[in-house]
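Values below: all heavy atoms of this structure, side chains included; hydrogens, waters and symmetry mates excluded.
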Amino acid sequence: MPTTSTDPRAAAAALLVPGTTCHGFAVERCETVPELDSDAYVLRHTASGARLLYLACDDENKAFAIGFKTPPADSTGVFHILEHSVLCGSAKFPVKEPFVDLIKSSMQTFLNAMTYPDKTIYPVATTNEQDLYNLMDVYLDAVFNPAIYTKPTIFEQEGWHYELDLPESAEGEGDSSSASLREGTLRYNGVVFNEMKGALSDPMSVLDDAVNAALYPDTAYAHESGGDPRAIPALTYEQFLDTHARHYNPSNSYITLYGDLDVDRALAFLDERYLSQPSAASRRMDAAVAAGEDPSALAPNPLGVQAPVTCEYKHVEMATTPENALVGLGLVLGSALDRKRTIAADILFEALLGSNEAPVKKAILAAGLGGNVVSYTAAESLQPYELIMLQNAQPGVARELRRMFQNACRDLCEHGVPRERLEAIISSNEYDLRQRDYGIADGVAIACDALSTWLYDDDAATLALKYGPVYEELRGELDGSYFEDLLRELVLQNDHMALVELVPVDAAEGSEGAEAIELAAKRDAMTDSELADVVERTAALRAAQEAEDTPEDKATLPRLRVSDIGEARPEPSLVVDTTAPIPCLRHDIPTNRLAYAMQYFDLSCVAFEDLPYVTLLCRLLKQLSTREHSAEELDNLLAGKLGFLSFTTEVMTQPDVDGVRPYLLVSAGALSEKINALASLPREVWSSTLLADADADRVRDVLTQIRIGLEQGFINNGHSAALGRAMSYSSPSAVVREQLSGVDFYLFLRDLLDHFDERLDDLRAKLTELAGRIFVADGCMASFTGSDEDFDAYWDAAGNLGLGAGDGAGRDALVVPAPCDRHEAFVIPSDICFAASACDPRRLGIDVTGTWAVAANALSYDYLWNEIRVKGGAYGCGFRAAGERQAAFYTYRDPAIDPSIERVARAGEWLGSFEPDEAAFEGFIVSCVSGMDAPVKPYALTKRRNTTYLAGLDPHAREERRAQMLAATPGELRSLGTDVTRIAAESPTCVFGGRDVIAKSNAGFNVIDLLG
């Protein structure tokens, strides 16, 4: 019987008694999960075989996820294409883009889908319970009854299709003669095809794929689950449908419910609407059996265990820059179900390689084999593995890396892994676990975590979530030889390992050239009729993409009303506590017995040309010895006593359009019981680091690691780099950001590394002088988040943080050069591009209110999505106007530049004639407001409130913007069309992309070979 209790845990306990059945679900067991303050219920739907895990807790941010075991049999990316495609309409919701409709009309706090190497997950989260059912309804119909069976154009759009680019003369005259067809350029297009071109422009991803293929040659993990662009065109529509039918059925599914919700209603919904009903996939399977197909051939792809294999060495070639040379050493750890072993291995390799002071990393860097060494534990597979990766590798060092690594580990096995490092890492991990800041809705992260064991054993639904006893046991193992024994097994006695080297080659030798040759041959082999069919099919696809959903189809989608939005969460007033030794922004926010302390040091005392040195100062602090501790001792101390300590820069745009104020931000967090360390350790680092005597090799290592990280960012997140650079063409604040962390900083850093030896002494002197000038009380603002007791204890221990008053000299030294449009296109090793056009709207006399956020939602998820993603094949695109000081268009993993620029130019015209129906427009408002109202973790909320204060924003601006969103009308959005056209026309553009993509643009960019 349902209970009337409002306590979700009590309600679940009364309803879900193990051994009983509820709405067709057999309740198998209940476990308390203290780590998540929840009770976990494991159920099985008797009729369909669907598995279900419910985590009952009082989190208002409720979540649902359905996952399927989807191990690939090849590298065509079929499961990735299915992930995209099933969200393009279904039987019950026959609109073209229900996924996008939900983004722009629901109160979702998470809405996406993810393809892993062996599973596909469809999670959602929201704070509104009715919205949760709406999202569940659309997602469940999408996975079980997708429109892919009746609309082949979905496969062509999201997967791949041919396009034939005719000569301009033929296009203009509508000529489709044999001669013009023969002169056309045949190419592939498709959202996933282009996405994976971008993804596989990342050398680290390519190396990881190669290591997986070497470690697991006889299993699904040998294949690229996202799809290899060289293999994707081998996938046929029939294979695509067959794969869906075999895998997207309830018996192959894993459902998670999380949070404060009516579980009785949720189970009834699942049972009645979907799990007890036939699906499109089941009907196809039944038809196959009736036609005489062997039922065993209709089973899902197998996921087998790989017998141990040793790959002594192999190399892969990639068209990329020489600096992207990599070596990877992969070590299989064991079974995903051995959680103690996997967690212990993660701790162990973090102790060996997690920082420049870690003993094994230190030895490898000292040997000069490469620029950096990183490692990560890939725990979300049947047989987890550790990947040790040497970046910026010297030629031919692969075997030497393995020899050095094994020798260093052998020495540690004999003499012991330093216990202070292991204990510090365990403490740091426990801090992160208490903080529970996953970066996404908790329920979504937890659902994905659960599948890291549940997918492989029906009895392991909660195994990955109950980590408390594991950490307690591992602390006990510090007294014995457990970690040395494990290290010996994993490194010295492991017969399941692989050594792989990624060798850069010239672009002409890479996949892009091979693809062009392949396509030219295909075109030549096609008949005139087949070429004409390509043109006709492309036209039919365009027609389908441009067709409007009918009012009847739109009406099928569940929608929230503005009336469903609750009141805004009241935020406690921001208090500047002047009783503290340093003026302090005081935040009364619950933190689960954690405390956060920050100091903002004013950088207006630093000359513009010296700003790059401030970034170097931030990155070198914590990496060098202090007067009190060696670098190694400090590394262990920080990890053991603090949850984190960071030195970063932040630039606050000011109310004056030309105003800018940069800060050096010191941020730290700690458990409440370690307040004294929170007060003392950051101070020690900034005040007593031995900069003047900094070890040359140590400094060079850090600078090289920064360079490698920037280059990875340009390749993988070029849209962010392009946005920052485009803004710098008109905004002084962005000019400063470029000098601190963008392209200008990168060019400064490369030059410094090229002349490192001759500039080292000046570098040491400059950093010492800057530290003395920056870390003073003058202009410093502190911030504290935690309980009253922690606040008092912190300041009792911190005093005035040892900060002198400063002499005031050079306090106004910062003079920012006037911005100018450089119209740059930066060449990076990639087959796609990222582009951005951005400006400060105040410079155009445009006042960006909350109404603009609604307009940005409409532009991003209606016009731009359809024009640039659906038609153009880009993986992402959007328009940003969420704040009053930036307006920007951007594209992400885009196959071409000019078509997107042309579509952006027409955005204002589209908005000017925007006439949505009432329900659709309400959806735009609901999604905008819910984005503002989404729960925020304490640290992120603290930083947001600090920025409001330091950027001179009205403390009530969020409330006003929210009210403006709620009051927005279609007419107001149409009235913004002219301004959007101006923004598109007058915002400077910047591009990061492959050389061939840039060369095809007629936009007249100043082309710069960024990475040499």
Side-chain angles (χ1 to χ4, degrees), residues 211 215-216 305-311 328-355 357-364 373-389 401-430 432-433 452-453 456-457 460 463-464 466-499 635-636 639-640:
V211 169
L215 289 175
Y216 311 106
V305 173
Q306 175 67 55
V309 294
T310 298
C311 172
L329 178 62
L331 305 168
V332 173
L333 306 179
S335 165
L337 301 178
D338 190 343
R339 292 296 293 168
K340 178 183 176 182
R341 186 180 178 89
T342 303
I343 292 173
D346 185 49
I347 293 168
L348 180 59
F349 286 110
E350 177 71 15
L352 304 186
L353 295 154
S355 75
E357 292 306 315
V360 177
K361 180 172 183 176
K362 192 173 183 178
I364 294 171
V373 186
V374 296
S375 73
Y376 64 86
T377 307
E380 294 184 330
S381 60
L382 179 59
Q383 294 167 279
Y385 66 97
E386 189 75 23
L387 179 58
I388 296 97
M389 189 181 299
L401 170 71
R402 179 175 58 197
R403 186 191 68 80
M404 280 203 64
F405 179 73
Q406 290 176 338
N407 285 345
C409 291
R410 185 175 290 108
D411 184 68
L412 289 167
C413 289
E414 293 174 3
H415 299 97
V417 179
R419 286 309 186 258
E420 61 274 16
R421 289 199 66 80
L422 292 171
E423 190 165 9
I425 290 161
I426 290 173
S427 295
S428 179
N429 287 3
E430 288 177 332
D432 291 339
L433 294 169
S452 65
T453 54
Y456 315 119
D457 187 335
L463 182 61
K466 302 178 78 170
Y467 47 78
V470 176
Y471 275 91
E472 184 177 348
E473 191 174 346
L474 288 175
R475 278 195 177 278
E477 299 286 13
L478 291 172
D479 293 332
S481 62
Y482 174 83
F483 285 97
E484 287 76 17
D485 294 341
L486 180 61
L487 182 61
R488 186 176 294 106
E489 291 174 23
L490 295 179
V491 176
L492 304 180
Q493 301 170 352
N494 199 338
D495 59 356
H496 200 167
M497 55 81 67
L499 180 68
D635 195 43
N636 293 334

For the student: nearest non-hydrogen atoms of [X] and [Y], plus distance:
| X | Y | answer |
| --- | --- | --- |
| Arg421 | Ser355 | NH2-OG, 3.5 Å |
| Thr342 | Ala379 | CG2-CB, 3.9 Å |
| Leu492 | Cys413 | CD1-SG, 4.1 Å |
| Leu329 | Met497 | CD1-CE, 3.4 Å |
| Ala464 | Ser452 | CB-OG, 3.4 Å |
| Ala336 | Thr453 | O-CG2, 3.6 Å |

Q | Evaluation steps, side-chain contact (heavy atoms from CB on, under 4.5 Å), between Arg339 and Tyr467 | A | CA-CA 8 Å; Arg339 292 296 293 168; Tyr467 47 78; 5.9 Å; no

Could you tell me whether the side chain of [Y] reaches within less than 4.5 Å of the side chain of [X], counting heavy atoms only?
| X | Y | value |
| --- | --- | --- |
| Leu433 | Tyr471 | yes |
| Ile343 | Asn429 | no |
| Leu331 | Phe405 | yes |
| Leu474 | Leu422 | no |
| Ile364 | Lys361 | no |
| Phe349 | Leu333 | yes |
| Val332 | Pro308 | no |
| Lys340 | Tyr482 | yes |

Could you give the distance from [atom1] ([X]) to [atom2] ([Y]), rounded to the nearest 0.5 Å?
| X | Y | atom1 | atom2 | result |
| --- | --- | --- | --- | --- |
| Ser375 | Leu348 | OG | CG | 9.5 Å |
| Glu430 | Ile425 | CD | CD1 | 12.5 Å |
| Leu352 | Lys362 | CG | NZ | 14.0 Å |
| Glu484 | Glu414 | CD | CD | 11.5 Å |
| Ile426 | Glu350 | CD1 | CD | 12.0 Å |
| Ile347 | Ser428 | CD1 | OG | 10.0 Å |

Q: Given side-chain contact (heavy atoms from CB on, under 4.5 Å), test Leu463 with Asp457 step by step and report yes or no.
A: CA-CA 10 Å; Leu463 182 61; Asp457 187 335; over 6 Å; no

Q.
Could you go through Arg341 and Glu386, starting from their C-alpha distance and side-chain angles, then the distance that decides it, and tell me whether this counts as salt bridge (charged side-chain N to carboxylate O under 4.0 Å, His left out)?
A. CA-CA 12 Å; Arg341 186 180 178 89; Glu386 189 75 23; over 6 Å; no

